[in-house]
Amino acid sequence: MDTPVNAPEDRTGNGTGTGTGKGTGTGTGSANDRATEAATESFVAYRNLLFTVAYEMLGSAADAEDVLQETWLRWVQVDAEQVRDERAYLVRITTRQALNRLRTMSRRKEAYVGQWLPEPLLTAPDVADDVELAESVSTALMLVLETLSPTERAVFVLREVFDVDYAEIAAAVDKTPDAVRQIAHRARKHVDARRPRGPVSPVKTRAALASFQRALETGDLQGLLDVLAPDVVLVSDGGGFKQAALRPIMGADKVSRFIAGGLAKFGVVFTMEHTTANGGPALAVHIDGELDGIITARMDDTGITGLYYVRNPQKLTAVETETPLTRH
């Protein structure tokens with residue numbers, strides 16, 4: 001996801017040699033070039049942070065990239081001398097563009113075929129070292145954030161994940177600081193009531209997924225039941241492009257039989273390999289040698305309580321290379 005210094009300009013067709021399109025032979029052109037170069041350096045310095053903000057608000061890497069493009073286009077028009085804090089200003093622009101995009105996405109989701117899951121990201125193993133960041137991009141918590149209003153989600157993400165002060169959040173969401181405090185309290189209460197119960201270490205999650213994989217590969221139905229919590233929920237996302245359950249499958253017995261029955265019915269040759277997605281252990285599923293989807297899991301002390309299987313090929317473009325995420 002690293003952006004070449006001139007990539008934002010290249011994608012808008014402006015080039016990198018003029019800044020204003022008038023050439024570089026004048027003092028104005030040279031000054032504009034220097035301003036554009038300085039703006040580009042600042043943007044690239046904070047790009048990973050801005051992407052993380054946008055992704056956590058949207059749950060879509062593709063839409064987050066579009067938001068960064070829109071942020072860039074606005075950023076290069078800003079008078080840098082009037083900006084006291086580049087990081088805060090860029091986060092503010094990103095938040096506003098993400099809020100606009102959220103409203104557009106809500107209409108798309110209404111017409112979406114089947115269950116909608118966040119777009120999985122291939123993440124570096126060290127993302128898990130930042131426990132708060134890893135949880136905030138996990139599929140389980142991202143689904144909880146889907147139950148918030150757009151403004152509540154923006155306030156929660158900025159305050160709880162990125163520790164942005166209330167005054168700056170207020171400027172980003174066009175509310176008063178007092179209103180933002182109330183929204184933050186309401187959003188935090190809402191999320192706390194629905195977030196996964198108690199943290200489970202990546203080591204335990206990886207071990208559970210290994211047992212899950214082994215049970216599937218050997219056809220061990222009892223082994224599959226043993227690793228699933230009694231109230232496990234399976235959510236699969238095919239987006240209308242791949243077959244997937246149109247509704248969540250609930251309960252260990254139903255989930256295990258659905259998975260085993262699906263494999264037997266289609267008679268496919270599948271393999272699984274361990275990977276790291278959305279800050280935690282995951283499984284990449286290949287069918288007949290081609291990537292079919294990514295499985296992430298939610299766990300507690302009773303076993304796997306949530307299985308999330310993204311098969312929609314339009315959502316698998318961000319698992320080809322690692323995406324750097326950061327809160328700083």
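The figures that follow rest on heavy atoms only: side chains count, while hydrogens, waters and symmetry mates do not. By convention here, the first residue in the shown sequence is residue 1.
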Just to verify, what does [X] make a salt bridge (charged side-chain N to carboxylate O under 4.0 Å, His left out) with, not counting sequence neighbours?
{"X": "Arg257", "result": "Asp253"}
{"X": "Arg153", "result": "Glu146"}
{"X": "Asp300", "result": "Arg197"}

For [X] and [Y], work out which heavy atoms get closest and say how close.
{"X": "Met57", "Y": "Ala154", "value": "CE-CB, 3.6 Å"}
{"X": "Ile294", "Y": "Ala277", "value": "CG2-CB, 4.1 Å"}
{"X": "Ala54", "Y": "Val67", "value": "CB-CG1, 4.1 Å"}
{"X": "Leu58", "Y": "Trp116", "value": "O-CH2, 3.9 Å"}
{"X": "Pro118", "Y": "Thr139", "value": "CD-CG2, 4.1 Å"}

Is the closest side-chain heavy-atom distance between [X] and [Y] below 4.5 Å?
{"X": "Leu122", "Y": "Thr321", "answer": "no"}
{"X": "Phe162", "Y": "Thr52", "answer": "yes"}
{"X": "Ile259", "Y": "Leu234", "answer": "yes"}
{"X": "Leu73", "Y": "Gln69", "answer": "yes"}

Does [X] use its side chain to pair, donor to acceptor, with the backbone of [Y] at less than 3.5 Å?
{"X": "Ser236", "Y": "Tyr309", "value": "no"}
{"X": "Thr147", "Y": "Leu143", "value": "no"}
{"X": "Trp75", "Y": "Ala39", "value": "yes"}
{"X": "Arg194", "Y": "His190", "value": "yes"}
{"X": "Tyr55", "Y": "Glu119", "value": "yes"}
{"X": "Gln213", "Y": "Leu283", "value": "no"}
{"X": "Asp292", "Y": "Ile287", "value": "no"}

Please indicate whether [X] has more than 12 foreign heavy atoms, meaning atoms of other residues, nucleotides or ligands, lying under 6.0 Å from its [atom1].
{"X": "Asp192", "atom1": "CG", "answer": "yes"}
{"X": "Glu217", "atom1": "CD", "answer": "yes"}
{"X": "Lys109", "atom1": "NZ", "answer": "yes"}
{"X": "His274", "atom1": "NE2", "answer": "yes"}

To the nearest 0.5 Å, what is the distance between [atom1] on [X] and [atom2] on [Y]?
{"X": "Glu135", "Y": "Arg195", "atom1": "CD", "atom2": "CZ", "result": "4.0 Å"}
{"X": "Leu158", "Y": "Asp165", "atom1": "CG", "atom2": "CG", "result": "10.5 Å"}
{"X": "Leu316", "Y": "Arg311", "atom1": "CG", "atom2": "CZ", "result": "10.0 Å"}
{"X": "Gln97", "Y": "Asp63", "atom1": "CD", "atom2": "CG", "result": "12.5 Å"}
{"X": "Lys315", "Y": "Lys242", "atom1": "NZ", "atom2": "NZ", "result": "13.5 Å"}
{"X": "Asn312", "Y": "Gln115", "atom1": "CG", "atom2": "CD", "result": "13.0 Å"}

CA sep, side-chain torsions, deciding dist, call: Asp178, Arg181, salt bridge (Lys or Arg N to Asp or Glu O under 4.0 Å)
CA-CA 5 Å; Asp178 286 343; Arg181 285 188 176 88; 3.5 Å; yes
Please report the C-alpha distance between Val137 and Val161 in whole Å, then the side-chain angles of each, then the deciding distance to 0.1 Å, and finally whether the side-chain contact (heavy atoms from CB on, under 4.5 Å) criterion is met.
CA-CA 10 Å; Val137 297; Val161 182; over 6 Å; no
List the steps, then state whether side-chain contact (heavy atoms from CB on, under 4.5 Å) holds for Val91 with Leu50.
CA-CA 6 Å; Val91 168; Leu50 302 177; 4.0 Å; yes
Please confirm whether Arg298 makes a cation-pi placement over Tyr308, using NZ or CZ under 6.0 Å from the six-membered ring centre and within 45° of the ring normal.
no
Could you go step by step and tell me if Leu291 and Val319 meet the side-chain contact (heavy atoms from CB on, under 4.5 Å) rule?
CA-CA 10 Å; Leu291 178 65; Val319 295; 3.8 Å; yes
Should Tyr89 and Ile93 be marked as a side-chain contact (heavy atoms from CB on, under 4.5 Å) after you check the CA-CA gap, both sets of side-chain angles, and the distance that decides it?
CA-CA 6 Å; Tyr89 202 99; Ile93 299 174; 3.5 Å; yes
Between Gln222 and Asp226: side-chain donor-acceptor atoms closer than 3.5 Å:
yes
